[in-house]
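One structure below.
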Amino acid sequence: MSDTTTRDEGLETIREQRCHGGVQGVYQHRARATQTTMRFSVFVPPQAARAPAPVLYFLSGLTCTEDNFTVKAGAQRYAAARGLILVAPDTSPRGDDVPDDEAYDLGQGAGFYLDATQAPWSRHFQMETYVVHELPALIERAFPARPGVRGITGHSMGGHGALTLALRNPGAYASVSALAPIASPLACPWGHKAFTAYLGEDRARWAEHDATALLRARGPMATLSARLLVDQGDADGFLRDQLKPELLDAACAEVGQALTLRMQPGYDHSYFFVNTFIGDHVAHHADALR
């Protein structure tokens with residue numbers, strides 16, 4: 001394997017390594033949705049050499065790239081055991097001509113998995129279109145993926161993304177889970193800042209990208225093959241002000257959405273937390289997608 005090679009579908013291979021009997025790679029391509037070069041990682045399990053495999057998408061949190069999950073979560077061993085392809089996109093468009101902010105919670109590294117409608121963000125920050133439509137179409141053409149057989153999970157901002165993208169796009173995913181998600185951006189400072197910038201001042205538009213509001217407006221996720229799984233550390237420094245899983249719990253109870261919310265004693269917001277529980281999440285999706 002060379003460090004930089006060209007693949008079909010306009011993909012550039014940044015690197016590939018053997019991993020748990022499969023191949024872990026990082027790739028980039030010119031994305032139509034964001035009008036930028038986007039990077040993502042893909043783990044292909046050994047089973048995919050015999051037959052196409054289901055795909056689990058992992059969305060990372062604020063400040064992350066595709067590498068955080070790929071290097072720190074340790075998910076490949078579980079995906080190899082259960083025959084899942086893992087895909088981890090970057091968290092936003094990037095580049096010298098892409099708008100940014102001095103703070104960590106807006107701009108590059110903080111795309112919030114929505115399609116921005118406000119200048120200057122709207123030209124490039126089209127992350128919902130990219131993650132839900134453009135990237136899966138590319139994965140299913142260029143890798144041994146079973147067409148349309150997808151689950152989605154994520155951490156923090158990525159947990160918000162997993163929940164809202166599944167709610168907004170019925171049928172796109174057969175299984176959903178989240179680790180320490182931003183459960184209600186309408187009710188936290190991170191959400192207020194990002195949604196004001198990306199979507200403007202209309203809070204009705206904000207509610208279209210808030211998991212708790214979407215559940216109340218649309219009801220349970222009827223297309224899911226398994227109940228919603230959420231893990232949250234009770235020593236997470238963002239728990240009280242930013243994450244608010246109790247709001248998600250209440251919304252699920254109101255509309256009859258099956259939810260397993262596990263409060264994990266002593267765990268914080270770090271990838272040590274993600275690494276500890278990612279095996280349960282891979283199993284959750286594998287059981288639903290097989």
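All values below were derived from every heavy atom in this structure, side-chain atoms included, with hydrogens, water molecules and symmetry-related copies excluded.
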>> Please determine whether side chain to side chain donor-acceptor pair (under 3.5 Å) holds for the pair D210 and S184, giving the CA-CA distance in whole Å, both sets of side-chain angles, and the decisive distance to 0.1 Å.
In response: CA-CA 5 Å; D210 179 292; S184 180; 2.8 Å; yes

>> Quick check: closest heavy atoms across R94 and G109, and the distance to 0.1 Å?
In response: NH2-CA, 3.6 Å

> How long is the span from the SG atom in C64 to the CG atom in L59, to the nearest 0.5 Å?
Replying inline: 11.5 Å

> Counting N and O atoms only, with roles assigned by atom type, does the side chain of D90 sit under 3.5 Å from a partner on the main chain of F40, one being a donor and the other an acceptor?
Replying inline: no

> Do L86 and V42 have side-chain heavy atoms sitting under 4.5 Å apart?
Replying inline: no

> Is it true that a side-chain atom of Q76 and a backbone atom of T70 form a donor plus acceptor pair closer than 3.5 Å?
Replying inline: yes

> What are the two closest non-hydrogen atoms of G83 and A53, and how far apart are they?
Replying inline: O-CB, 3.4 Å

>> Does L215 form a side-chain contact (heavy atoms from CB on, under 4.5 Å) with L167? I'd like the steps, not just the answer.
In response: CA-CA 7 Å; L215 278 164; L167 281 159; 3.8 Å; yes

>> Any carboxylate oxygen within less than 4.0 angstrom of a Lys/Arg side-chain nitrogen, looking at R218 and E208?
In response: no

> Where do Y104 and W190 land on the side chain to side chain donor-acceptor pair (under 3.5 Å) test, with the steps shown first?
Replying inline: CA-CA 10 Å; Y104 73 94; W190 281 339; 3.0 Å; yes

> What's the spacing between R146 CZ and R290 CZ if we round to 0.5 Å?
Replying inline: 11.5 Å

>> Donor-acceptor pair, distance only, cut-off 3.5 Å: does the side chain of Q242 make one with the backbone of I182?
In response: no

>> Could you measure the distance from the CD atom of Q232 to the CG atom of D236? Nearest 0.5 Å is fine.
In response: 5.0 Å

> Do L84 and L229 belong together in a cluster built from hydrophobic side chains that touch within less than 4.5 Å?
Replying inline: no

> Under a single-linkage definition using a 4.5 Å side-chain heavy-atom cutoff for Ile, Leu, Val, Met, Phe, Trp and Tyr, are F125 and F112 assigned to the same hydrophobic cluster?
Replying inline: yes

> Do L56 and V87 pass the side-chain contact (heavy atoms from CB on, under 4.5 Å) test, and can you show the C-alpha distance, the side-chain angles, and the key distance before you say yes or no?
Replying inline: CA-CA 6 Å; L56 175 58; V87 177; over 6 Å; no

> Which heavy-atom pair separates S60 from Y271 by the least distance, and what is that distance?
Replying inline: OG-OH, 3.5 Å

> What is the ring orientation for F195 with W206, classed by angle as parallel under 30°, tilted 30 to 60°, or perpendicular over 60°?
Replying inline: perpendicular

>> Are F238 and V230 linked, directly or through intermediate hydrophobic residues, by side-chain heavy-atom contacts shorter than 4.5 Å (ILVMFWY only)?
In response: yes

> Atom OG in S92, atom CG in L62: separation rounded to 0.5 Å?
Replying inline: 10.0 Å

>> Looking at every heavy atom in both A183 and P245, which two are closest together, and how far apart are they?
In response: CB-CA, 4.1 Å

> Judged by atom type as modelled, is there a donor-acceptor pair below 3.5 Å linking the side chain of R30 to the main-chain atoms of Q35?
Replying inline: yes

> Under 6.0 Å between ring centres, would you say that holds for H124 and Y198?
Replying inline: no

> Any donor-acceptor pair under 3.5 Å linking the side chain of D234 with the backbone of G266?
Replying inline: yes

> Under the criterion side chain to side chain contact (heavy atoms under 4.5 Å, CB included), which of T36, L114, D115 is the partner of Q126?
Replying inline: D115

> Which pair of heavy atoms, one from V255 and one from P220, lies closest together, and at what distance?
Replying inline: O-CD, 3.4 Å

> Salt bridge between D101 and K193, side-chain N to carboxylate O under 4.0 Å?
Replying inline: yes

> Of all heavy-atom pairs between S122 and A119, which one has the smallest distance, and what is that distance?
Replying inline: OG-N, 4.0 Å

>> With side chain to side chain donor-acceptor pair (under 3.5 Å) as the criterion, how do Q28 and E12 come out once you've worked through the C-alpha distance, each side chain's angles and the decisive distance to 0.1 Å?
In response: CA-CA 5 Å; Q28 66 183 22; E12 182 181 355; 2.7 Å; yes

> According to a 4.5 Å side-chain heavy-atom criterion applied to Ile, Leu, Val, Met, Phe, Trp and Tyr, with indirect links allowed, do L247 and L239 form part of one hydrophobic cluster?
Replying inline: no

> Measuring from L228:CG to L248:CG, what's the distance to the nearest 0.5 Å?
Replying inline: 6.0 Å

> When rounded to the nearest 0.5 angstrom, what is the spacing between CG in D287 and CZ in R82?
Replying inline: 4.5 Å

> More than 12 foreign heavy atoms under 6.0 Å from CZ of R262: is that the case here?
Replying inline: yes

> Does the pair D67/R15 count as a salt bridge with the N-to-O cut at 4.0 Å?
Replying inline: yes

>> Quick check: is F43 connected to V149 through a chain of hydrophobic side chains (ILVMFWY, heavy atoms under 4.5 Å apart)?
In response: yes

> Is a donor on one side and an acceptor on the other found under 3.5 Å between the side chain of D231 and the backbone of L261?
Replying inline: no

> For the residue pair H269 and H155, does the interplanar ring angle fall in the parallel (under 30°), tilted (30 to 60°) or perpendicular (over 60°) class?
Replying inline: tilted

>> So that I know where these two stand, are F272 and Y267 an aromatic pair - ring centroids less than 6.0 Å apart?
In response: no

>> With heavy-atom distances below 4.5 Å as the criterion, would you say the side chains of R205 and T117 are in contact?
In response: yes

>> Donor-acceptor check, side chain of R18 to backbone of G21, threshold 3.5 angstrom: yes or no?
In response: yes

> Do N169 side-chain atoms and A166 backbone N/O form a donor-acceptor pair below 3.5 Å?
Replying inline: no

>> Could you go through H209 and T164, starting from their C-alpha distance and side-chain angles, then the distance that decides it, and tell me whether this counts as side chain to side chain donor-acceptor pair (under 3.5 Å)?
In response: CA-CA 6 Å; H209 300 274; T164 57; 5.7 Å; no

> Without hydrogens or angle criteria, can the side chains of S175 and H284 be said to hold a donor-acceptor pair below 3.5 Å?
Replying inline: no

> So which pairs with a foot in residues 59-99 pass ring-ring contact (aromatic ring centres under 6.0 Å, His included), sequence neighbours left out?
Replying inline: F58-F69

> When you measure from the side chain of E66 to the backbone N and O of V26, does any donor-acceptor pair fall under 3.5 Å?
Replying inline: no

